Amino acid sequence: MPSTVELMSVPDKIVRNVNDLRAAVTAWRRDGKTIGLVPTMGAIHVGHLSLVTEAKSHCDKVIASIFVNPTQFGENEDFDAYPVDEARDVEELSEAGTDLVFCPGREDIYPEGFSTVISISGVTAGLCGPFRPGHFDGVATVVAKLLLQCLPDVAVFGEKDYQQLLVIRKLVKDLNISVDIVGAPIIREDDGLAMSSRNRYLSKEERALAPELNRVLRSVANAVIEKPDDCERICSLARSELLEIGFASVDYVAVCDMNSLELLKIYSGSARVFGAARMGTARLIDNIPVT
Ligand code: AMP
């Protein structure tokens, strides 16, 4: 017999507080089901949906969460402008096979008097870390809460936010949170631009230039293979090229060890190229393996 949750209509697939979430999870557990979690901030696109597909390949039931987490936005960032369309998001997530969408209120994540911050060192030191102070504390804290609220077997995160993926791996290892963290490949538009909720901020002209970030990172990866001891100069040239193309600023182009994120001057295998640059008001990030 189908469970209550399977009989629900799309809007009823939403749970808005931890008690209802736990009730659904407990019922599934009683039926022997395994559970996957896909945390998102909404503004759902095909990249997010690929995480749901990935989660479904590991688990019987998939929960997607939608929470625009204020603590991971800096003061001058786009928290107030972040696109919100819950009805559309829930419909898309449901069509992709999500069994339950967890849309917690702010009080479910940060109740009155909340005073815990999880801060992870090491992998947060470079790349986005210095450009977004407090960002990874906000990410680690909210993901810890979501994991402990859902208690999933598996949680899926995109390699699009590769540094974030490593932060979460460290979080669950250091705190012995019993969950398998699965990384999923970056989903791109046909022209190579990594899909992102923030691509909506791009004007037509900016959108036409945005895929250049990916092209430049690919040219860095090729150049590094040809001249492995020249990483610094290759990245410096790439930063200049992005500015010439029309990016307003470049936070970084860097070749880093894919596990530690240590900045590499000499490439010797297992590395990725990372880039972050601003196009108009949108801060775009991307990364690719050096293979
Ligand atoms: P966000 O809603 O931007 O916080 O992203 C939620 C999850 O979706 C994170 O694990 C992201 O890494 C992942 N994600 C975002 N964009 C993509 C993409 N283009 N391909 C794969 N995963 C993505």
Side-chain angles (χ1 to χ4, degrees), residues 36-58 62-74 77-79 81-86 88-90 92-93 96-98 101-104 109 123 127-128 132 135-147 150 152 154-172 179-202 207 210-211 213-214 217 258 261 272 274-276 282-289:
L37 173 67
V38 177
T40 82
M41 295 204 301
I44 295 302
H45 53 69
V46 174
H48 295 119
L49 301 180
S50 76
L51 306 187
V52 173
T53 307
E54 182 70 33
K56 282 197 90 69
S57 74
H58 295 271
V62 176
I63 300 171
S65 63
I66 299 178
F67 181 67
V68 185
N69 176 34
T71 64
Q72 71 186 71
F73 288 78
E77 295 186 357
D78 53 341
F79 177 67
Y82 205 80
V84 175
D85 188 346
E86 185 187 276
R88 182 190 147 277
D89 286 350
V90 173
E92 298 216 348
L93 288 165
T98 306
V101 185
F102 179 41
C103 301
I109 304 293
V123 287
L127 300 178
C128 287
R132 304 190 71 190
H135 169 70
F136 289 117
D137 289 0
V139 168
T141 305
V142 78
V143 171
K145 288 218 59 158
L146 292 169
L147 291 175
C150 295
V154 167
V156 184
F157 294 85
E159 289 182 345
K160 157 86 181 1
D161 301 278
Y162 193 88
Q163 190 174 16
Q164 168 176 282
L165 172 63
L166 295 193
V167 166
I168 310 269
R169 286 196 195 286
K170 194 80 176 80
L171 167 78
V172 304
V179 60
D180 284 338
I181 300 300
V182 172
I186 302 174
I187 306 297
R188 299 180 180 282
E189 305 285 357
D190 289 343
D191 57 13
L193 176 65
M195 289 191 183
S196 165
S197 307
R198 291 188 164 102
N199 292 349
R200 301 171 189 210
Y201 301 152
L202 298 168
R207 173 64 188 79
L213 175 59
N214 179 246
L217 296 191
M258 62 186 285
L261 295 189
R272 290 179 88 94
F274 296 84
R283 183 177 184 274
L284 305 179
I285 60 170
D286 199 354
N287 70 89
I288 55 165

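Predicted, not measured: the structure shown is a model, and the values here were computed from it. Counting convention: from 1, in listed order, for ligands and their atoms alike.
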Quiz item: Say you draw a straight line from OG1 of Thr53 to NE2 of His58; how long is it, rounded to the nearest 0.5 Å?
Solution: 11.0 Å

Self-check item: Identity and separation of the nearest protein heavy atom to atom 15 (C) of ligand 1
Solution: His45 CE1, 3.9 Å

Quiz item: For atom 5 (O) of ligand 1, which protein heavy atom lies nearest, and how many Å away is it?
Solution: His48 NE2, 3.4 Å

Exercise. Please could you name the atoms of ligand 1 that Phe157 approaches to less than 4.0 Å, counting only its heavy atoms?
Key: 10 (O)

Self-check item: Nearest-contact summary for atom 10 (O) of ligand 1 - protein heavy atom, Å
Solution: Gly158 N, 2.9 Å

Exercise. Identify the protein heavy atom lying closest to atom 21 (C) of ligand 1, giving its residue, its atom name and the separation to 0.1 Å.
Key: Pro185 O, 3.4 Å

Exercise. Report the part of Pro39 (side chain from C-beta onward, or backbone N, CA, C, O) that has a heavy atom under 4.0 Å from ligand 1; answer both or neither where that applies.
Key: backbone

Quiz item: Atom CD in Gln164, atom CG in Leu171: separation rounded to 0.5 Å?
Solution: 11.0 Å

Quiz item: Got a second to check how far Leu146's CG is from Thr141's OG1, nearest 0.5 Å?
Solution: 11.0 Å

Quiz item: What residue and heavy atom of the protein are closest to atom 23 (C) of ligand 1, and at what distance?
Solution: Lys160 CB, 3.9 Å

Quiz item: Which atoms of ligand 1 are found less than 4.0 Å from any heavy atom of Thr40?
Solution: 2 (O), 6 (C)

Quiz item: When you measure from atom 11 (C) of ligand 1 to every protein heavy atom, which one gives the shortest distance, and what is it?
Solution: Asp161 OD2, 3.0 Å

Quiz item: Are Arg188 and Asp286 close enough for a salt bridge, meaning some N to O gap below 4.0 Å?
Solution: yes

Exercise. Could you check which of Leu51, Val139, Ile187 puts a non-hydrogen atom nearest to atom 18 (C) of ligand 1?
Key: Ile187

Quiz prompt | Spacing of CD1 belonging to Ile66 relative to CD1 belonging to Ile44, to within rounding of 0.5 Å | solution = 5.0 Å

Quiz item: What atoms of ligand 1 come closer than 4.0 angstrom to any heavy atom of Gly47?
Solution: 18 (C), 20 (N), 21 (C), 22 (N)

Quiz item: Any non-hydrogen atom of Arg188 lying under 4.0 Å from ligand 1?
Solution: no

Quiz item: Which residue from Gln164, Met195, Glu54 reaches closest to atom 19 (N) of ligand 1 through any of its heavy atoms?
Solution: Met195

Quiz item: Is Met41 touching ligand 1 with its side chain, its backbone, both, or neither, if touching means heavy atoms under 4.0 Å apart?
Solution: both

